[in-house]
Amino acid sequence: MTEHDQDTPRGPETRLTDYLFGALNAEEMRALEAELATDAQLREQLAELRRTFALLKADAPAVSEGLAPERRAALLSEASAQPAPRGRVLAFPTWMRAAAALVIVAGIVVIWKNASQSNPETSSLSPLGYTAEGSSIQPELARRDREALTSEPAPGEPIMLGGTYRGPSDSLSPAPMEEARARAESGSEFDRAKKLPEALERGRNASLGYSGEDFDLEVEDADASLGFGFDDGYGRRYHGDEVIVHLRRHGNESPRDMFYRYYGDNAVVRTAEDPLSTFATDVDTASWALLRNYLVQGHLPPKAAVRTEECVNAFKHELPAPGFIEDPEDTFAIHLEAAPTPFAPDGHLLLRVGLKAREVTRAQRKPLNLVFVVDKSGSMAQQNRMELVKNSLELLVDQIRDDDTIGLVTFDSTGHEVLAPTPGSERWKIREALRGLSTGGSTNAAEGLFLGYAMAERAFRKDAVNRVVLASDGVANTGETDQAKILEKVRKSSENAVDLTTIGVGMGNHNDVFLERLADNGDGSCHYVDSMDEAKRVFVERFTGTMQVVAREARVQVEFSSGTVREWRQLGYENRVMKHEDFRNDSVDAGEIGAGHEMVALYELRLQDLIDGPDTVATIRLRWKPDGAKEFVEVERHFGIGDARSRWDLSSPRFRLAGTVAQFAEFMRRSVHARGDSYEDLQVRAQALARELKGDPMVVEFRDLVDRTAQLAQRLWPEDELALLIEEARRLRLTECELESLSERSVKAEELLQEVRLQNAALERRLEDLLQPR
Amino acid sequence: MSDGNSPSLDSEETADGELLADHLAGSTEAFDRLVERHQGRLLRFATGLLRDRARAEDVVQETFLRLLRKPPAIGSAGSAGPWLFRVCRNLAYDLMKTETREQVRRERIEAPESSTPDELSADTEVKALVRQEWDLLPAREREALWLKVHDGLSYAQIGEVLGVKPGTVGWIVHEAMQHLTQRLRAVQAL
């Protein structure tokens, strides 16, 4: 039975297996047999392999010889009818179960493609034939058909919403637009890579409540400033005309930009239009602690406070460090895993891109030059914030070595230098200085930071980690409150290799976005500490990673293969998106990753119904500058469909945990993609995970939090008339935007556009009525 | 192998390539012989992937339909085996994709209750372990090993099914065997 595969180089490690399976050539075989004769250990290994083989062989499934007679008969009749006209497929026998409707789908698509090629101007709007005669919107039926058949990449479907949006208001799903799609394929109006980051920037500015020079510190609820806060979970706010203005297309917005502006979520992207996902790494975890704190106190968090990636990254992923497969000297180990996801309709995979940075031991790490910048303003007296900060920093002091130095700056209305950089060998001095901290006055964060940076630069050591640690409730209200200017200063200093870690405490006026952006711009990390447990996690368990960066400016680019992946969507990292062309532009700022840190990025992929050709799902590229190095390094990994697990429950528990936490975060941020999903399902999964991973207190805590939130969760998507109308208007506006984005419109598309515009005008009038002050 | 109808081996019979040519020339019987020859191994393969006989039959039937409609170009002495396995595999994955969500819901995601140890003889315990570990292998390793153990395909043929180089198949198979062997060793050490 053997044919030798000797043309392929294989290492000596595989030779026993090769021998067992007869894949060695004669010479190799003789050599091995000679060795076997003298090496008892090798013989034992071979015997073990044989046992395994025998067990496998014995476990062959008992399958009777062939297909059921009626199936074979059906095949024969098909064979005798060859060559069959394509159309025969449609009428093909009823034995085909609904679940195995692949043939039918394939057949229809073929027919439809032929039709559209032969007669592009008059062909029907959809491959499924449900709008054969007209351009009218026939939503519900169309949607059901589409879902029932999980059809082929349909010229008919809305670009962005794909099959992912599954809200109760789905009934106004935009009608398919075959013509529109056909034009879009040829047109080049969708220059997303370029436009998206700009849109994101706009979106961020909006969510921070300022545009350009005006920084409005008072805005706490990002939803409100995004246009209207009708879905903010508590206090509803409707802003009348603003709602209407917000719904309309702004300037030359692309559909994807519009989607982001509406929902603040990453859109579902068609691979054919944009196969690339490029983003800066982010290992922050602050959002999870913040979210937990809100929920424990019985509130739903504001949408902008929930960052999916930070929630996911707060959990342990147990990714092996480099050295398992990679060289132990490598900066990263990359771990890829995928499985069909239960949180999306059929045909969707969840892909996890996991990075694990190399470990650095306490003894190996560089010495530290730390400067604490502590907010001692009046607001820090509330809820024991100051006590928490002091205790946290004391924990940190426990971790330092004698060759580290620590300085202390405080600020209220002005900044004060409290303790010049002091070596770890005199840590009693540091403790004393920390214990002497008291509160009072306003918050001049800028001056505190400037002083802190100045101190860190004075004590700057080239061989050390130079870092400012800012602890604050994050609301600057005196002195320089212009975040942009503070950021500029921070950024300038960070080029001198002084990094920044921010520690957020307190709630209410805790300006989380402010601290996150500060940290991002200061090449640092952002933590939110709400309890001593959390402080221990950040400053004891993850201390070295928090302090010592191993990779700078790290960015990831995932390229999906359009032959395999029909649509993709990144979960989280909304404000970390980079322009595609900046992936290899090393002057563009990206993310820092500390020793031993784990980072996980998740994608929901909708696969092609029929995968033909190479089975690559995605190519993952990681690019970074090793700490201390001048040159960037880039590595690449491939992930094929065969590498995916066949079922969700066969994937690793930590993979399922990441997916489940992400789903929870998506719920909490009212992600449009999570609408209509089942919270109960999530609860059951969290319970199962907590049983399976009961040794991990965070997972147990996660389950408790999910349970505790069940009641609150009912308020996530208010379903009153106005909210539903706004949903409908958004969806129609997106359709309109898609149509308008086409460079040339066919007669059909023009008609459809007119129709959509009419519907939009009507909806707008209804909205206006509802929004009139009563 | 054991069933004696491996396409690559039964040189005494008419080669697949020839049968396919006959079929294209109008011989329904030639096609039926191809079905006869390959259905058993494809069914076992698909059942292994899908763990369900009925759905495996769906997939195998569809595989043969593909053979009818889009016959591959194989030489007159060539075997249709790798092509059939490849198509069958792709179809099985397609089917799994469409089913997963519902299926998982039905199974209520509870971790499967395993029988208590004292109910099991050592033998069944090992068997259960083999199955469990088998299920945990990455799909690619499972398939490659399956084709090797149960169908006796060469590395080159497996490579053709999976779309990888023969050398890679060697690695994949080796990894899978190592893993299973280690797990078995660990259990027997207990």
Side-chain angles (χ1 to χ4, degrees), chain A residues 1 3 5 8-10 13-14 17-18 21 23 48-49 51-53 55-57 59-61 63 65-68 71-72 74-76 78-80 82 84 97 99-100 102-103 150 340 342 345-347 607 609-611 614-615 641-650 684-685 688 691-692, chain B residues 9 23 28 31-32 35-36 39-40 43-44 47-48 53 55 57-58 60-62 64-65 68-69 90-91 93-101 104 109-111 126-127 130-131 135-136 138-140 143 148-150 152 154-156 162-163 165-167 170-171 173-174 177 180-181 184-185:
Chain A
M1 65 169 253
E3 73 195 52
D5 297 308
T8 51
R10 287 188 301 277
E13 303 92 322
T14 68
T17 318
D18 293 341
F21 290 144
E48 271 189 336
L49 279 180
R51 274 200 292 279
T52 306
F53 178 76
L55 279 168
L56 289 173
K57 186 89 186 145
D59 202 27
V63 169
E65 269 314 294
L67 290 165
R71 288 175 185 273
R72 194 153 164 192
L75 276 173
L76 270 184
E78 177 80 354
S80 58
Q82 283 287 315
R97 289 148 200 242
L102 297 157
V103 210
T150 2
D346 296 342
L607 298 179
D609 294 323
L610 298 167
I611 295 168
D615 71 351
I641 193 79
D643 300 323
R645 310 280 181 187
S646 58
R647 294 207 326 244
W648 176 255
D649 51 355
L650 293 181
V684 177
R685 287 175 193 285
R691 271 198 304 278
E692 198 172 350
Chain B
L9 309 176
H23 156 61
T28 307
F31 182 77
D32 198 32
V35 174
E36 175 69 41
Q39 59 180 359
L43 266 174
R44 279 196 300 275
T47 311
R53 170 65 190 238
R55 291 183 307 152
E57 289 208 22
D58 283 347
V60 171
Q61 183 164 12
E62 175 58 16
F64 285 116
L65 283 174
L68 273 177
R69 301 209 193 96
N90 289 344
L91 288 169
Y93 277 109
D94 289 341
L95 186 58
M96 279 188 262
K97 271 175 352 208
T98 64
E99 289 184 340
T100 312
R101 186 184 171 89
V104 170
I109 54 189
E110 298 289 332
V126 169
K127 206 174 237 177
V130 169
R131 288 203 178 150
D135 282 343
L136 288 172
R140 200 188 279 261
E143 290 166 281
K148 188 76 228 175
V149 172
H150 296 302
S154 72
Y155 287 180
L162 302 184
K165 295 201 182 84
W171 270 110
V173 168
H174 166 75
M177 283 296 286
L180 292 174
T181 305
L184 287 169
R185 190 190 301 151

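In the text below, chain A, chain B and the rest are named by the order of the sequence lines, each starting its count at 1. The figures that follow rest on heavy atoms only: side chains count, while hydrogens, waters and symmetry mates do not.
- Here the CG atom belonging to A:Leu49 is positioned 10.0 Å from the CG atom belonging to B:Leu180, to the nearest 0.5 angstrom.
- Of the two parts of B:Asp32, the backbone and the side chain both hold a non-hydrogen atom closer than 4.5 Å to a non-hydrogen atom of chain A.
- By the ring-ring contact (aromatic ring centres under 6.0 Å, His included) test, B:Phe64 pairs with no residue at all, sequence neighbours left out.
- Distance check: B:Gln61 CD to A:Arg71 CZ gives 5.0 Å after rounding to the nearest 0.5 Å.
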Checklist line | Full working for side chain to side chain contact (heavy atoms under 4.5 Å, CB included) between A:Asp18 and B:His174 | finding: CA-CA 8 Å; A:Asp18 293 341; B:His174 166 75; 5.8 Å; no
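- Closest non-hydrogen pair, B:His150 versus A:Leu56, comes out as CE1-O, 3.2 Å.
- Using a 4.5 Å heavy-atom cutoff, the side chains of B:Lys148 and A:Thr17 are not in contact.
- Contact annotation for B:Val173: both backbone and side-chain heavy atoms come within less than 4.5 Å of a heavy atom of chain A.
- Judged by distance alone, with hydrogens and angles left aside, the side-chain atoms of B:Gln39 form a donor-acceptor pair with the main-chain N or O of A:Leu67 at under 3.5 Å.
- With values rounded to the nearest 0.5 angstrom, A:Leu76 atom CG is found 9.0 Å from B:Leu68 atom CG.
- Rounded to the nearest 0.5 angstrom, A:Arg72 CZ and B:Glu57 CD are separated by 12.0 Å.
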